[in-house]
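Have a look at the structure below before the remarks.
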Protein chains: 2
Amino acid sequence: MYEELRSELKKRKRRITAQREMILKIFLESKGRHLGVEEVCRELLNRNIRISKATVYRAVELLVDLGFLRRLNFGDGIYRYEIVDRSEVESHQHVICRVCGKIKEINSEMVKKIVSEISEKTGYIIENHDLKFYGLCPDCKRRLSGG
Amino acid sequence: MYEELRSELKKRKRRITAQREMILKIFLESKGRHLGVEEVCRELLNRNIRISKATVYRAVELLVDLGFLRRLNFGDGIYRYEIVDRSEVESHQHVICRVCGKIKEINSEMVKKIVSEISEKTGYIIENHDLKFYGLCPDCKRRLSGG
DNA sequence: CTACTTGCAAATGCTTTGCAAAATT
DNA sequence: AATTTTGCAAAGCATTTGCAAGTAG
């Protein structure tokens with residue numbers, strides 16, 4: 001993935017820097033997590049690396065542009081990012097527990113159907129989607145009903 | 001709807017005020033639109049009513065709590081709100097044009113199926129969802145390909 | 001009269017930006 | 001050497017909050 005980052009940067013005449021590679025590394029090593037800028041900085045500090053917040057903001061924006069990250073918005077006022085897995089054929093959706101905030105990723109078989117239904121009904125070309133489901137995770141369900 | 005607002009406010013021992021009713025009125029008269037706080041203030045000013053932004057923020061939060069409004073997040077850093085139509089049996093989804101920003105509401109028949117699929121697969125109790133589809137609307141499609 | 005609500009201005013919190021110093025090409 | 005990137009501090013912007021004055025019950 002680092003090689004791909006380097007070649008993308010070259011293609012766009014942007015520079016290869018240690019900061020950009022480290023930030024991508026954090027995401028590669030945190031698969032399945034959804035990190036905000038603050039958390040990226042914390043992960044970096046855990047590895048004894050200090051990169052300024054401004055640089056992290058600029059790097060994640062660039063990484064989204066280059067297609068390495070996807071920007072997520074769970075409605076808590078913080079933009080979070082996740083790595084885009086290029087081997088992933090299907091998209092995934094997020095299921096979020098309203099009590100503990102835990103996020104599960106799933107892969108519904110129905111999504112392709114829904115997308116073609118919508119594009120037929122509306123005439124839009126659907127390029128992208130953002131599907132979130134909110135509710136109670138099994139643990140919180142148990143905790144709340146069990147006592 | 002105003003009567004329902006009054007009775008909900010009474011039930012929760014919150015006060016009935018002209019500001020709260022006016023803000024609800026704006027939404028009732030803007031069905032199908034997705035207003036942010038700034039736009040609500042502008043609509044009020046169009047009617048020669050001045051309500052402070054702080055009050056609008058507090059009112060929409062209350063109206064969401066009471067179930068009259070739904071908070072939306074289209075990822076542009078602004079919370080928008082839409083009226084909750086209680087006669088509406090089905091939920092609706094938003095289809096957003098990435099060029100002109102136009103938002104179409106649709107009602108997919110597949111949503112119920114996807115929700116039950118997800119709740120089976122994950123064990124979550126799904127209470128709510130937020131489904132957005134991004135792409136090109138027919139107009140922008142024509143404009144972009146046609147020249 | 002009491003408690004809630006409003007409006008203002010200030011504060012907050014995330015994100016962006018200007019600029020000089022540092023790093024890449 | 002030229003140009004981009006970084007880090008810092010300041011600015012920006014939507015939203016929230018403290019508080020005195022106003023209003024509903």
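Just so we're on the same page: letters track the sequence lines, and every chain starts at 1. This is a predicted model, so every value here is computed, not measured.
By the 4.5 Å side-chain criterion applied to Ile, Leu, Val, Met, Phe, Trp and Tyr, A:Leu45 is assigned to no cluster and stands alone. In this structure, A:Leu131 belongs to a hydrophobic cluster whose other members, linked by side-chain heavy atoms under 4.5 Å apart, are A:Val95, A:Ile106, A:Met110, A:Val111, A:Ile114, A:Val115, A:Ile118, A:Tyr124, A:Ile126, A:Phe133, B:Val95, B:Ile106, B:Met110, B:Val111, B:Ile114, B:Val115, B:Ile118, B:Tyr124, B:Ile126, B:Leu131, B:Phe133.
Annotation: side chain to side chain contact (heavy atoms under 4.5 Å, CB included) contacts of B:Asn128 (sequence neighbours excluded): A:Tyr134. Residues that satisfy the salt bridge (charged side-chain N to carboxylate O under 4.0 Å, His left out) test with A:Glu117, not counting sequence neighbours, are A:Lys121. Applying the side chain to side chain contact (heavy atoms under 4.5 Å, CB included) rule to A:Asn48 yields no partners; only residues at least two apart in sequence or on another chain are considered. Contacts of A:Arg42 classified as side chain to side chain contact (heavy atoms under 4.5 Å, CB included), with partners at least two apart in sequence or in another chain: A:Glu38, A:Glu39. Take B:Phe74 and apply the ring pair (Phe, Tyr, Trp, His ring centres under 6.0 Å) test, not counting sequence neighbours, and it matches B:His34, B:His94.
For the contact set between residues 48-70 of chain A and DNA chain D, defined by any heavy atom under 4.0 Å, the members are A:Arg50, A:Ile51, A:Ser52, A:Ala54, A:Thr55, A:Arg58. Contacts with DNA chain D (heavy atom under 4.0 Å) in residues 3-30 of chain B: B:Arg15, B:Ile16, listed by number.
Legend: ring pair (Phe, Tyr, Trp, His ring centres under 6.0 Å) pairs involving residues 43-73 of chain B, not counting sequence neighbours: none detected. Residue pairs meeting the salt bridge (Lys or Arg N to Asp or Glu O under 4.0 Å) criterion with at least one partner in residues 92-101 of chain B, sequence neighbours excluded, are A:Glu127-B:Arg98.
Rounded to whole Å, the distance from CD1 on B:Ile78 to C1' on D:dA14 is 7 Å. For the pair B:Glu39 CD and D:dT15 P, the computed distance is 11 Å after rounding to whole Å.
For DNA chain C, the contact window with chain A, defined by any atom under 4.0 Å from a protein heavy atom, covers C:dC14 to C:dT25 in 5' to 3' order.
Between the side chains of A:His92 and A:Glu82, at least one donor N or O sits under 3.5 Å from an acceptor N or O.
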